[in-house]
Protein chains: 2
Amino acid sequence: MTISESKTTVASVSEVIRQKIQGGCYKPHEFIREASVAQELAVSRTPVREALRALVSEGWLEAIPNRGCRVAAWTQQDAREVFDIRLVLEPMAVGLACHRIDADTLNRLDSLCRSMEVLTEKVETRPEVRNQIAALNLEFHQAMVNASGNSRLIGVLESLVRSSLISRNFANYDIGHLRRSMRHHAEILQAVRAGNQEWVENIMRAHLLAARTLHMDA
Amino acid sequence: MTISESKTTVASVSEVIRQKIQGGCYKPHEFIREASVAQELAVSRTPVREALRALVSEGWLEAIPNRGCRVAAWTQQDAREVFDIRLVLEPMAVGLACHRIDADTLNRLDSLCRSMEVLTEKVETRPEVRNQIAALNLEFHQAMVNASGNSRLIGVLESLVRSSLISRNFANYDIGHLRRSMRHHAEILQAVRAGNQEWVENIMRAHLLAARTLHMDA
DNA sequence: TGACTTTATATTGCATGCAATTTTGGATTT
DNA sequence: AAATCCAAAATTGCATGCAATATAAAGTCA
């Protein structure tokens, strides 16, 4: 794990820590010490401090005064909370999007859909494509939400979804579930193309509810 | 303006800057310089930096790399965005709350309602009570949202509402609007007491829509 | 032995100094 | 006079050192 680009040091450090949390390199409730990160990345404690605070406000870590920051633990309760909020905000987002989305974005979503469908049919022989599907799925949802044009909505959903880890985990999906999910995506896209707000809101709700039962019952 | 309590320096500095923004002491788009704040409050630049970054993530300021932070300007677009989101999240919150609210909270809400009603009848002779009403109104909404039990929902709405300034401004309300708003509060409370989710969701939507037309059309 | 105090260590919180970047004012050129 | 360039000032970004605080461990007393 190494510092990637040449933006600010804080951004690079944040990125590294985020990836390490996602990758399971830091475990839930594990404290992340400023000094160790600083030494490991060969920077001073100052940018590390700022990166940690940023990650706290993004929901990746929780801060305990005078004790430091530790990786946020993910409980069933947390999963339910995030799903409950997504269940009202994402339909709202696509509902807004269907009135103002442009052709370029539609094409991009189309291509994401097709890529995911292709990968889906490979999942039984090459299980590792699940991660690629998860990444594309995240892109799809984000592109949809971005098309809503409500910058606060975009920000809220971004932080909810990115920190949730759920969207990176398609492990519970068998081939049937995956295919249904792909059909949902295609239908969401159709409904947006048609500019039919009620349709898109409801198919999005169905999409999320299907996902919820998979994640929560398992 | 002075540092109040003896928690961490960062928290104190944040508090002071927040108040100065609310109070109009810093104007929209005005840059807040680390050095000047540090000197003014007799602390070093380090806690000021951290406070500024916190305020950025709360939506009070916007950060421009290598340029500093400036007070976020509030546009009609921003107001619309916040209202649109509140319009789906607050009904959801009270809908959840009506199934799990406890007697103490209900009493507290009751007392807030009565206080606001009393103040409302004084508003024509003593205009300065508008600020008190606004403060109690904020408390009322927050107590309601807190009763939802969804910590992320609470956090999202807190940051949306607190940074919006709109809820602190009852200037556009004539006595008729104020009385209607108070009736809404009472009815929300009744509906929550009755545990009637659909009722409380809809009266909350009506409450917010009434407020929106006042704020947006003005 | 068990509870309490004390001391040592680890860690965050804050201050200060220097480097890097951006802005600004004036000098220079066309 | 307008535009361009350059240098000085202002400002953020980062590093380092010290102080304050919390944790852990050792020691003391009943």
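Everything quoted here is computed from the prediction, not taken from an experiment. Numbers restart at 1 for each chain; the letters A, B, ... are given by sequence-line order, proteins then strands.
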Q | Geometric class of the A/His215/A/Phe83 ring pair [parallel <30°, tilted 30-60°, perpendicular >60°] | A | tilted
Q. Are OP1 or OP2 of C/dA10 and a side-chain N or O of A/Arg33 less than 4.0 angstrom apart?
A. no
Q | Whole angstrom value for the distance that separates P of C/dT11 from CG of A/Leu52 | A | 14 Å
Q: Return the value, rounded to whole Å, for the distance between atom CZ of A/Phe31 and atom C1' of D/dT23.
A: 11 Å
Q. Just how far, in rounded Å, is C1' of C/dT12 from CG of A/Leu61?
A. 15 Å
(Q) Is there a side-chain contact between A/Ile32 and A/Lys20 in this structure, where contact means two heavy atoms from C-beta onward sitting under 4.5 Å apart? (A) no
Q) Would you call A/Glu117-A/Arg114 a salt bridge at under 4.0 Å N-O? A) no
Q: Could you work out which one of D/dA15, C/dC14, D/dC14 sits closest to the side chain of A/Val43?
A: D/dA15
Q) When all nucleic acid strands are considered with a 4.0 Å heavy-atom cut-off, which category describes A/Arg49: base, sugar-phosphate, or nothing? A) base
**Q.** D/dC14 phosphate, OP1 or OP2, under 4.0 Å from A/Thr46 side-chain N/O
**A.** no
**Q.** Nucleotide nearest B/Pro47 when distance is taken to its side chain, options D/dC14, D/dG13, C/dA15
**A.** C/dA15
**Q.** Geometric class of the A/His184/A/His207 ring pair [parallel <30°, tilted 30-60°, perpendicular >60°]
**A.** perpendicular
Q) Passes side chain to side chain contact (heavy atoms under 4.5 Å, CB included), B/Leu189 versus B/Cys113? Steps please. A) CA-CA 9 Å; B/Leu189 199 42; B/Cys113 261; 4.1 Å; yes
Q | D/dT23 OP1/OP2 closer than 4.0 Å to side-chain N/O of A/Arg67 | A | yes
Q. Quick one: is B/Thr9 getting a side-chain N or O under 4.0 Å of the C/dC14 phosphate, OP1 or OP2?
A. yes
Q) To the nearest angstrom, how far is A/Gln39 atom CD from D/dA15 atom C1'? A) 15 Å
Q | Gap between atoms CG and C1', on A/Leu41 and D/dA15 respectively (whole Å) | A | 15 Å
Q) Any donor-acceptor pair under 3.5 Å between the side chain of A/Arg45 and the base of C/dG13? A) yes
Q.
By nearest heavy atom, map B/Glu34 and A/Pro65 onto DNA chain D; which one lands nearer the 5' end?
A. B/Glu34
Q. Considering only C/dT21, C/dC14, C/dG13, which nucleotide approaches the side chain of B/Asn66 most closely?
A. C/dT21
Q. Across the strands shown, which category fits A/Ile32 at heavy-atom distances under 4.0 angstrom: base, sugar-phosphate, nothing?
A. sugar-phosphate
Q. What's the CZ-P distance between B/Arg70 and D/dT12, to the nearest Å?
A. 14 Å
